Amino acid sequence: MPDRLTRPSSLWEYANPRRFMALSGAVLPYVAVGTAAALAIGLIWGFFFTPDDYRQGSTVKIIYIHVPSAMVAINCWLMMLVASLIWLIRRHHVSALAAKAAGPVGAVMTLIALATGAIWGQPMWGTWWAWDPRLTSFLVLFLFYLGYMALWAAIENDDTAAELTSVLCIVGSVFAVLSRYALVFWNQGLHQGASLSLDKEENVSNVFYWPLLFCLAGFVGFFICLVLLRTRTEVRARRMRALQARERMA
């Protein structure tokens, strides 16, 4: 019979910090290489080997940063929601630490999306900002990211912080969904429709579509790399705090 101590019996076994550290350490180099390749191909192809748009000119090429960062920002919060629910239900510390690690990454991606959207929108709309449904919900999502990080920093007890931030994550998920589907819920605003969609009629032209897919894959890989690295750091920091507390008690 296989040794159950050496072979994980389910996916939940990887929530064990030791197994997570071993698996993430083995996977990270491959993800990093794939990420670098996808970003290099997508950005070089998109910025240097695609034509200017007949209406937007060269400003359309900001799509290769704006769209991937916006999609990662939204899905990062959804990943944090899943990790938070796992913590609330299963009490796996690695899931709570993964959600904590993803917070700053998602905040930066949201900020990049807001900044590039403003740069793209100014020549197209004649203004840097408009209280468009999608832009407004995205700004609120960014504020939720800041509040999430601030709540983690304000509470010393890790378990209490994980519980309260998990509740905040559930509430903030409403705005993550609104950011993605604002144009569906409200048929108004300046923001254009989806650049990538299951409906082929809504997708951008193929000349922009394929390099955009590479950029999206690169941003997703970059997000995975950062979250794995930051989660590994959080696991080590938690272990160090536990050792320090044990020494003080001794």
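These figures come from a predicted structure and were not determined experimentally. Values reported hereafter were calculated over all heavy atoms of this structure, with side chains retained and with hydrogens, waters and symmetry mates removed.
The minimum heavy-atom distance between N16 and V94, with the atom names listed, is C-CG2, 4.4 Å. In plain terms, the two heavy atoms of A162 and A96 that are nearest each other are CB-CB, 3.8 Å. Across all non-hydrogen atoms, the minimal contact from C225 to T35 is SG-OG1, 4.1 Å. The two atoms that bring A73 and L141 nearest to each other are O-CD2, 4.4 Å, heavy atoms only. Contact detail for C76 and A102: the closest heavy-atom pair is SG-O, 3.3 Å.
Both L143 and I74 belong to a common hydrophobic cluster when Ile, Leu, Val, Met, Phe, Trp and Tyr are linked at side-chain heavy-atom distances under 4.5 angstrom. L78 and V72 fall into different hydrophobic clusters, where Ile, Leu, Val, Met, Phe, Trp and Tyr are joined by side-chain heavy atoms under 4.5 Å apart, directly or via other members. In this structure, F48 is a member of the same hydrophobic cluster as I62, with clusters built from ILVMFWY side-chain heavy atoms closer than 4.5 Å.
Less than 6.0 angstrom separates the ring centroid of Y145 from the ring centroid of W77.
At least one donor-acceptor pair under 3.5 Å links the side chain of N157 to the backbone N or O of T160.
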TODO: Using the side chain to side chain contact (heavy atoms under 4.5 Å, CB included) rule, take V227 and M79 through it: C-alpha gap first, then chi angles, then the decisive distance, then the call.
DONE: CA-CA 11 Å; V227 171; M79 169 259 162; 4.2 Å; yes

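Summarising the geometry, atom OH belonging to Y148 is positioned 11.0 Å from atom CG belonging to L164; distances are rounded to the nearest 0.5 Å. Between the CD1 atom of I41 and the CH2 atom of W45 there is a distance of 8.5 Å, given to the nearest 0.5 Å. Within the model, atoms CZ of F223 and CG of L228 stand 9.0 Å from one another, a figure rounded to the nearest 0.5 Å. Taking OG1 of T110 as the reference point, atom CG of L146 lies at 9.0 Å (rounded to 0.5 Å). Once rounded to the nearest 0.5 Å, the distance linking CG of L212 with CZ of F219 reads 10.0 Å.
A heavy-atom distance below 4.5 Å is found between the side chains of T50 and P211. Side-chain contact between I65 and C215 is absent, with no heavy atoms from C-beta onward closer than 4.5 Å. Looking at I63 and W120, their side chains come closer than 4.5 Å, going by heavy atoms from C-beta outward. The closest side-chain heavy-atom distance from L23 to R19 is not below 4.5 Å. Between I170 and L88 the shortest side-chain heavy-atom distance falls below 4.5 Å. Residues D158 and L97 fail the side-chain proximity criterion, which asks for heavy atoms closer than 4.5 Å.
Figure legend: R91 and W87 shown as a cation-pi pair, the cationic atom lying under 6.0 angstrom from the six-membered ring centre and within 45 degrees of its axis.
Contacts of T116 classified as side-chain hydrogen bond (donor to acceptor under 3.5 Å, both in side chains), with partners at least two apart in sequence or in another chain: H66.
Using a cutoff of 4.0 Å between basic side-chain nitrogens and carboxylate oxygens, D159 and R238 are scored as salt-bridged.
Residue pairs that meet the salt bridge (Lys or Arg N to Asp or Glu O under 4.0 Å) test with at least one member in residues 208-235, sequence neighbours left out, are K100-E234.
Sparse packing is recorded around CZ of F222, with 12 or fewer heavy atoms of other residues, nucleotides or ligands lying under 6.0 Å away.
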